[in-house]
Amino acid sequence: IDKVSDRYRENGSMSEKMLGEFIVHNVEVLESAVELGLRKGFTEEELRRLEVSAVLHDMTKADAVPEHFKDIPNYALAIHGEAAGEESLDILTDEYLASKGFEGDFEEIRQEVSRAIREHMGPHPGFMDGILAGVNSRLRESGEPEITHPKAEGRISEALLAVDMRSLAGEKGRKK
């Protein structure tokens, strides 16, 4: 959480209020993910994977938009799951995973966490589908490839999507 919070601070484009809302959301997603995983009977290994996914799921949400896409409203919001999923592959080194108590096939762990982060974006009816449609319309106009949000598949992905949506549906999430 601190690593992601520091990244938001370094971005410099967020007000202190917005920064606080992002941090509250990340903590809420992490706590809710652990609670859901325990209720669903996740193994200790699954809980660790879910925790890492929850912590990193929004890490790129406040990143600067590449110059080429600055004129597309909500581009950063629409692409952040893909960007965070990709970046998580670099963060989750063998050394890092071993230091957090992971064992086994580290590449498989990296792939599952990365997939969960990508898949936490949906697709799902409502707000995000509307955002994605608007962004994709502008991307088509400029001849750029569209962004897709893959369906959440698997226990880790489904749990992360559920707790993120729950957090965003709450009062604090709506403010964020």
Side-chain angles (χ1 to χ4, degrees), residues 1-30 32-33 50-92 110-153 156-176:
I1 292 285
D2 290 340
K3 181 180 179 94
V4 173
S5 300
D6 288 345
R7 183 176 182 141
Y8 293 158
R9 283 185 188 88
E10 290 166 7
N11 177 283
S13 65
M14 270 193 218
S15 68
E16 281 300 311
K17 182 180 178 193
M18 176 73 84
L19 175 64
E21 290 167 0
F22 268 65
I23 292 169
V24 165
H25 170 70
N26 286 340
V27 170
E28 185 175 73
V29 167
L30 175 59
S32 295
L50 180 56
E51 286 172 323
V52 171
S53 300
V55 168
L56 298 178
H57 83 282
D58 277 349
M59 76 173 147
T60 61
K61 193 179 256 185
D63 286 1
V65 173
E67 190 64 38
H68 185 68
F69 299 109
K70 279 194 184 259
D71 293 333
I72 300 178
N74 297 311
Y75 179 83
L77 180 59
I79 197 69
H80 87 272
E82 184 65 30
E86 186 65 30
E87 189 167 331
S88 71
L89 295 170
D90 296 329
I91 292 171
L92 302 174
R110 271 189 288 281
Q111 292 301 321
E112 183 173 31
V113 169
S114 177
R115 187 174 56 253
I117 293 169
R118 284 182 173 93
E119 293 176 357
H120 93 276
M121 294 298 293
H124 47 80
F127 174 75
M128 188 49 67
D129 278 354
I131 294 293
L132 186 60
V135 169
N136 280 336
S137 174
R138 295 288 300 271
L139 289 170
R140 278 191 303 277
E141 289 171 10
S142 63
E144 295 289 338
E146 293 185 24
I147 298 168
T148 59
H149 292 164
K151 181 180 183 219
E153 296 181 324
I156 308 299
S157 294
E158 291 170 355
L160 181 59
L161 173 60
V163 298
D164 190 45
M165 292 301 101
R166 179 177 157 209
S167 176
L168 293 172
E171 182 180 341
K172 292 176 189 171
R174 289 191 303 275
K175 284 182 183 179
K176 177 179 154 291

(Q) To check you understand the geometry: which heavy-atom pair defines the closest contact between V29 and A54, and what is its length? (A) CG1-CB, 3.9 Å

Q. Can you name the closest pair of heavy atoms from A116 and S53 and give their distance?
A. CB-OG, 3.8 Å

Report yes if some heavy atom in the side chain of [X] is under 4.5 Å from a heavy atom in the side chain of [Y]; otherwise report no.
X   : Y    : answer
L89 : Q111 : yes
E86 : I117 : no
D6  : R9   : yes
V55 : N26  : no

Q: Could you tell me whether a side-chain N or O of S15 sits under 3.5 Å from a main-chain N or O of M18, the two making a donor and an acceptor?
A: yes

From [X] atom [atom1] to [Y] atom [atom2], the distance as rounded to the nearest 0.5 Å:
X    : Y    : atom1 : atom2 : value
M59  : E87  : CE    : CD    : 4.5 Å
E141 : L139 : CD    : CG    : 9.0 Å
S32  : M165 : OG    : CE    : 12.5 Å
E146 : L132 : CD    : CG    : 8.0 Å
L30  : S167 : CG    : OG    : 11.5 Å
D164 : E119 : CG    : CD    : 13.5 Å

Which atom pairs, one a donor and one an acceptor, fall under 3.5 Å between side chains of residues 69-81 and the rest of the protein, sequence neighbours left out?
from, atom 1, to, atom 2, distance (Å)
H80, ND1, L77, O, 2.8
H80, NE2, D58, OD1, 2.7

Q: Take V163 and L50, measure what side chain to side chain contact (heavy atoms under 4.5 Å, CB included) needs, and give me the verdict at the end.
A: CA-CA 11 Å; V163 298; L50 180 56; 5.8 Å; no

Q: Check each of M121, R118, H120 against H57 using the side chain to side chain contact (heavy atoms under 4.5 Å, CB included) test, and report the only one that passes.
A: H120

Q. Are E144 and R138 ion-paired here, with the side-chain N under 4.0 Å from a carboxylate O?
A. no

